[in-house]
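To find a chain, count down the sequence lines: A is the first, B the second, and so on, and within it residues start at 1.
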Amino acid sequence: MIDRNLLRNDPDLVKRSARAKRCVCGIEEWLELDSRMRALSLEADGLRAQRNSLSHRVSVLKKSGGDFREAMEESRLAGERIALLEAEMKNLEPRMTELVLAMPNIPDPDVPEGGEEANLEVSKWGGPPTFDFTPRPHWELMKGVFDPEAAGVIAGSSFVLLRGWAAGLQRRLIGWMVENHLRAGMEEVWPPFLACRDSVTATGQLPKLADDMYLLERDDLFLIPTGEVSITNLYRGATLRESDLPVKLCGYTPCFRREAGSYGKDTRGLNRVHQFEKVEMVWLTHPEESHRAHEAMLAQATGLLEKLGLHYRVVLLAAGDLSFSAARCYDLEIWSPGQMKWLEVSSVSNCRDFQARRGNIRFKPSGGGKPAFVHTLNGSGLALPRLMAALVETWQRPDGTVDVEGLSSRLVIPQEGRAPQEQPDHSVYR
RNA sequence: GGAGGACUAGUCUAAUCGGUAAGGCAGCGGACUUGAAAUCCGCCGGGCUAUGCCCAUCGGGGUUCGAGUCCCCGGUCCUCCGCCA
């Protein structure tokens, strides 16, 4: 959520950012409503003060046996006027909330302007694997263990069914990634895979991505489109101690996306599916630490790719390609030798205080003072389907089979680093 | 799904017949001290156009001059029953 005071003091900045992010939102309308609201609130406050003192006088007069009827009548009249003002405010409020919730986060100053074409490749690691034969795409290599037809029978098109070695490989990959994160000092969580409206609003998928999520109408619950939703909302409404920061969490979740409107685009094989598996990292940091944490989270994700030996590149997203809640985001893309193209396997985002405001996630400064909003970061570490695709294509043999043994030998759980925490104390105020 | 109970600040706990939220602990700052403890003082929910005022007792309505308190709808947690992997 955009800070109210920023909207009042520098609406042009908010307008520019919204335009850069290709978002249409009613900043002017909000400002008008805001000034109307403040006038109403000022008048109502004065009347309330009157009513409070009048009804206190009633109480005093009653006790002393005096005539309280006049005070009571005046108080009643003030109450009627208050009710009118309150009704008008109540009328304006939902619209103001709707408007402010539709305003996207402001990109950091170093984020390039423009759309996808302005994305900036900031680094590259390794090189494309070479073959003395024509490499095949994963859907050919995984015949028999990747079965979209079967998934179609169970759920419909664009769902995945893995079996045999592919199912096992995916399971081991999830465990391997989580173990790596634990040794980097993160705490593992296993959250609900459904989230309520407030949660999905806090992380910023609502209102903009409403059509991209699965909604269980009967219970008004959303299937999470990313683990970011569940894990970030673990601390919704909480006030942490400054000494608790940074809170570094990771967890496995499935992710559900309707992918409305994206049919026919990159839909082959494992490239774009309705349900996929992901290990997510979510960190809550002190506002001054989030930039450094963003780089550290990126390094954690790229570290996994390096251990797997996959050729990858890091892209700093331009404003127009940035998600609604992000202020700054790196996309991690790995090379798919069978498809001869880059596949996005991770987005590492710094949301600054945007989600923390929406979800009211704060910390109490050690030196006293008012609670302040934390900064939230999230990053995939990593998303499975495209990772599987690139891995399988990288480890293919000339006969069209996959060296699963060789691939699996990469999944060594590191011995270095901190041992997983037993029971970290993140007890919070709510 | 059913029955019962609970919900006041970081935490614990008060508030008369409905009368305008009182304290303890923890924490923070300061004084005293070689240092610490103890003690003392201040702060310790949010907001504003700020000597003051308004809001705030899980959320939303209602009754009332006035609601933590009474009524209605909902939420969360706990206990029990039912169902279920």
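Within 4.0 Å (heavy atoms only), A/K62 reaches at least one base atom of the nucleic acid. A/L42 comes within 4.0 angstrom of a base, heavy atoms only.
Close to B/rC55, at under 4.0 Å from its OP1 or OP2, lies a side-chain N or O of A/N52. Residue A/R76 places none of its side-chain N or O atoms closer than 4.0 Å to OP1 or OP2 of B/rU64. For B/rC55, one of the phosphate oxygens OP1 or OP2 lies less than 4.0 angstrom from a side-chain nitrogen or oxygen of A/R48.
Along RNA chain B, the nucleotide closest to A/S75 and the one closest to A/S59 are compared, and the more 5′ of them pairs with A/S59. Mapping A/R4 and A/R57 onto RNA chain B via the closest heavy atom, the residue that lands nearer the 5' end is A/R57.
Spacing between atom CG of A/D220 and atom C1' of B/rG75 amounts to 13 Å, rounded to whole angstrom units. For A/R38 and B/rA50, the CZ to C1' distance is 14 Å, given to the nearest whole Å. B/rU20 atom C1' lies 17 Å from atom CD of A/Q50, rounded to whole Å. Put simply, CD on A/E86 is 9 Å from P on B/rC55, counting in whole angstrom units. Between the C1' atom of B/rG45 and the CZ atom of A/R362 lies a distance of 9 Å, rounded to the nearest Å. Nucleotide B/rG19 holds its P atom 15 Å from the CE atom of A/M72, rounded to whole Å. When rounded to the nearest whole Å, the span between CD of A/E93 and P of B/rG60 equals 10 Å. The distance from atom CG of A/D198 to atom C1' of B/rG75 is 11 Å, rounded to the nearest whole Å.
The same atom, C1', is picked in B/rU63 and in B/rU49; the two are 35 Å apart, to the nearest Å. When the P atom is compared between B/rU11 and B/rU20, the two are found 26 Å apart, to the nearest whole Å. Rounded to a whole angstrom, the distance from the C1' atom of B/rA14 to that of B/rA21 is 10 Å. The C1' atoms of B/rA9 and B/rU57 are separated by 9 Å, rounded to the nearest whole Å. B/rG46 sits 8 Å from B/rG10 when the P atoms are compared, rounded to a whole Å. The same atom, C1', is picked in B/rU13 and in B/rC65; the two are 31 Å apart, to the nearest Å. Annotation: B/rU64 and B/rC72 have their C1' atoms spaced 16 Å apart (nearest Å). The gap from the C1' atom of B/rG30 to that of B/rG18 amounts to 42 Å, rounded to the nearest Å.
A/E73 pairs by the side chain to side chain donor-acceptor pair (under 3.5 Å) definition with A/R76, not counting sequence neighbours. Applying the ring pair (Phe, Tyr, Trp, His ring centres under 6.0 Å) rule to A/Y312 yields the partners A/W125; only residues at least two apart in sequence or on another chain are considered. The side chain to side chain donor-acceptor pair (under 3.5 Å) test applied to A/E149 returns no partner, not counting sequence neighbours. Taking A/T401 as the reference, A/R397, A/D399 meet the side chain to side chain donor-acceptor pair (under 3.5 Å) condition, with sequence neighbours excluded. Scanning for ring pair (Phe, Tyr, Trp, His ring centres under 6.0 Å) contacts around A/H286 gives A/F363, with sequence neighbours left out.
Among B/rC54, B/rG66, B/rG47, the nucleotide with an atom closest to any side-chain atom of A/R51 is B/rG66. Between B/rG61, B/rC54, B/rC65, one nucleotide has an atom nearer to the side chain of A/D45 than all others, and that is B/rC54.
For the pair A/D34 and A/R4, the salt-bridge criterion is not met [side-chain N within less than 4.0 Å of a carboxylate O]. Salt bridge status for A/E80 with A/R51: absent, with no side-chain N to carboxylate O gap under 4.0 Å.
Side-chain contact, A/E228 with A/T203: no donor N or O sits under 3.5 Å from an acceptor N or O.
In this structure, A/H274 and A/F159 have tilted ring planes: the angle between them lies in the 30° to 60° band.
Helical stems in RNA chain B, defined as runs of 3 or more consecutive Watson-Crick or G-U wobble pairs with donor-acceptor distances under 3.5 Å: B:1-7 with B:75-81, B:10-12 with B:23-25, B:27-31 with B:39-43, B:45-48 with B:52-55, B:58-62 with B:70-74.
Looking at A/S55, its side chain comes within 3.5 Å of the base of B/rU20 through a donor and an acceptor atom.
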